[in-house]
Amino acid sequence: MASPRLPSVYNLVTFEAIGSTNDEARALARQGEEIAPDGTLVWALEQTAGRGRRGREWHSPKGNLYISLILRPEVPTKDAAQLSFVAALGLYDALGTLSDPGHQIHLKWPNDILLQDQKVAGLLLETESSGEDHADWVIVGLGLNVASFPKDMPFPATSLRAENWAVSVEDTLQAFSRSFLGWANRWVNDGFAPIRQTWLMRAKGLNKPIEVRLENETLKGTFIDLDEDGALLLDQDGKMRRIAAGDVYFSEG
Ligand code: BTN
């Protein structure tokens, strides 16, 4: 394996195979800042118990990118979730630097990346706060389908290779590590507003009819905005509904 070259703010911890990089990152983060400072990046070539949002399994064979980044931002706990939008912009830009112009990349609420309208990457954010109103740490878990993807998913998936895009896992890790830094600095300096605005410009389905599947109900309406916490605002015949968690499906291409 070629060793990726990352900016010096990262502290890379590499595994051939592991259960879940998010679980490993959490165990490290709990040991404190000395062991796992801000910027500790856990990378595994393969996961045996990869996790997705809402308790789902994350397909994790060798050949794809699996990373979990430990961050220790000085922000109120409720703002920590904004980091998944920061990371989505980082990955969008990273793919842009690696791609030829023919590839169509979009962001899908809350934290997926689409390639040619199919899911190519997902983010899983986890945080812990010891009572005070700021997060002790935030873990940004990222899975990117470089070489393979799961079949028969409710929302169709793809991989970079399936779209004839020949890059290595190391290339994607290097590119993401650089572009994430740029957006993280922007967030620290200017807050969520520019992140939200850019995310919306790159989102799929804005101002279009969508379906949002919640735990026990399915909502239909028009995706009109994100609020300042990153919740989706759905217009249902003039009535606004705020959605904090759910799965989005598009009614038209
Ligand atoms: C989703 O779309 O449901 C989120 C998927 C997140 C997967 C990544 S792979 C690296 C990290 N470790 C995990 O167990 N999950 C995240």
Side-chain angles (χ1 to χ4, degrees), residues 19-23 25-26 47-60 64 66 68 76-89 91 106-115 117-129 133 135 137-145 149-158 192 195-196 199-200 202-253:
S20 154
T21 55
N22 262 40
D23 292 347
R26 187 204 295 122
Q47 296 184 121
T48 52
R51 295 186 286 108
R53 284 173 56 236
R54 305 174 92 184
R56 296 180 189 126
E57 185 191 332
W58 185 258
H59 166 84
S60 305
N64 295 336
Y66 312 110
S68 298
T77 309
K78 72 169 186 48
D79 293 347
Q82 296 169 359
L83 278 164
S84 75
F85 295 91
V86 175
L89 293 181
L91 186 57
H106 286 108
L107 304 177
K108 174 175 174 286
W109 188 86
N111 34 32
D112 294 344
I113 287 85
L114 305 180
L115 173 60
D117 288 338
Q118 300 160 100
K119 178 162 170 169
V120 73
L123 290 151
L124 180 64
L125 202 92
E126 296 181 317
T127 181
E128 193 166 81
S129 141
D133 189 34
W137 47 258
V138 180
I139 290 167
V140 179
L142 166 63
L144 169 64
N145 299 332
F149 63 92
K151 313 286 180 308
D152 301 324
M153 300 300 283
F155 193 95
T158 191
F192 188 50
I195 305 298
R196 175 176 156 273
W199 190 97
L200 282 166
R202 298 172 173 186
K204 182 167 171 70
L206 187 64
N207 297 319
K208 301 243 169 76
I210 60 166
E211 190 177 288
V212 190
R213 300 189 192 158
L214 312 182
E215 213 64 62
N216 298 310
E217 78 183 301
T218 295
L219 306 173
K220 288 189 176 187
T222 305
F223 171 20
I224 56 155
D225 208 348
L226 285 185
D227 74 7
E228 57 284 354
D229 294 323
L232 183 147
L233 300 180
L234 190 70
D235 180 349
Q236 295 187 292
D237 295 325
K239 243 181 82 187
M240 207 58 67
R241 177 122 181 201
R242 178 184 184 275
I243 302 166
D247 292 311
V248 167
Y249 291 81
F250 303 101
S251 314
E252 50 187 64

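Because only heavy atoms are used, hydrogens play no part in the values below, and waters and symmetry mates are left out as well, while side chains stay in. Along the sequence shown, residues are numbered consecutively beginning with 1. Because the structure is a prediction, the values reported are computed rather than measured.
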Nearest non-hydrogen partners of Ala244 and Ala231, listed with the distance: CA-CB, 4.3 Å

Rounded distance [0.5 Å steps], NZ in Lys108 versus CG in Asp247: 6.0 Å

In Å, rounded to the nearest 0.5 Å, how long is the span from CG of Leu219 to CD1 of Ile243? 5.0 Å

Is it true that a side-chain atom of Ser20 and a backbone atom of Asn22 form a donor plus acceptor pair closer than 3.5 Å? yes

Is the shortest heavy-atom distance from the side chain of Ile210 to the side chain of Leu232 under 4.5 Å? yes

Looking at Asp229, is its backbone amide N or carbonyl O close enough to the side chain of Asp227 to form a donor-acceptor pair, meaning the two atoms are under 3.5 Å apart? yes

Under the ring-ring contact (aromatic ring centres under 6.0 Å, His included) rule, collect the residues that match up with Trp199, sequence neighbours excluded. Phe85

Any donor-acceptor pair under 3.5 Å from Thr222 side chain to Lys208 backbone: no

Looking only at heavy atoms, which two atoms of Arg54 and Arg213 are closest? And how far apart? NH1-O, 3.4 Å

Once you round to the nearest 0.5 Å, how far does CG of Asp112 lie from NZ of Lys119? 3.5 Å

Hey, what do you get for OG1 (Thr127) to CG (Leu83), rounding to the nearest 0.5 Å? 9.0 Å

Look up atom CD in Gln118 and atom CZ in Phe155, then write down how far apart they are to the nearest 0.5 Å. 8.0 Å

Can you list the residues that meet the side-chain hydrogen bond (donor to acceptor under 3.5 Å, both in side chains) rule with Asp225, with sequence neighbours excluded? Arg196

Among all residues two or more places apart in sequence or in another chain, which pass the ring-ring contact (aromatic ring centres under 6.0 Å, His included) test with Phe223? none

Checking side chain to side chain contact (heavy atoms under 4.5 Å, CB included) for the pair Phe149/Leu115: CA distance, chi angles, key distance, verdict? CA-CA 12 Å; Phe149 63 92; Leu115 173 60; over 6 Å; no

Sequence-distant partners of Asp23, salt bridge (charged side-chain N to carboxylate O under 4.0 Å, His left out), two or more places apart: Arg26, Arg51

Which atom pair, heavy atoms only, marks the closest approach of Gln236 to Lys220? NE2-O, 2.9 Å

Under the 3.5 angstrom rule, does the side chain of Asn145 hit a backbone N or O of Thr158 as a donor-acceptor pair? yes

Residues forming a side-chain hydrogen bond (donor to acceptor under 3.5 Å, both in side chains) with Asn207, sequence neighbours excluded: none

Counting only N and O atoms by type, is there a donor-acceptor contact under 3.5 Å from the side chain of Gln47 to the main-chain atoms of Thr21? yes

Taking every heavy atom of Ala25 against every heavy atom of Ile139, the minimum-distance pair comes out as C-CD1, 3.6 Å

Pair Val86, Val140 - check side chain to side chain contact (heavy atoms under 4.5 Å, CB included), show working. CA-CA 10 Å; Val86 175; Val140 179; over 6 Å; no

Which residues pass the side-chain hydrogen bond (donor to acceptor under 3.5 Å, both in side chains) test with Glu128, not counting sequence neighbours? Arg30

CG (Leu142) and OH (Tyr66) are apart, to the nearest 0.5 Å, by 11.0 Å

Please evaluate residues His59 and Glu57 with respect to the criterion side chain to side chain contact (heavy atoms under 4.5 Å, CB included), reporting the C-alpha separation (whole Å), side-chain torsions for both, the decisive distance (0.1 Å), and the verdict. CA-CA 6 Å; His59 166 84; Glu57 185 191 332; 5.8 Å; no

Minimum-distance pair of heavy atoms, taken over all atoms of Ala135 and Ser129: CA-CB, 4.0 Å

Here the pair of heavy atoms bringing Leu107 nearest to Ala88 is CD2-O, 3.9 Å

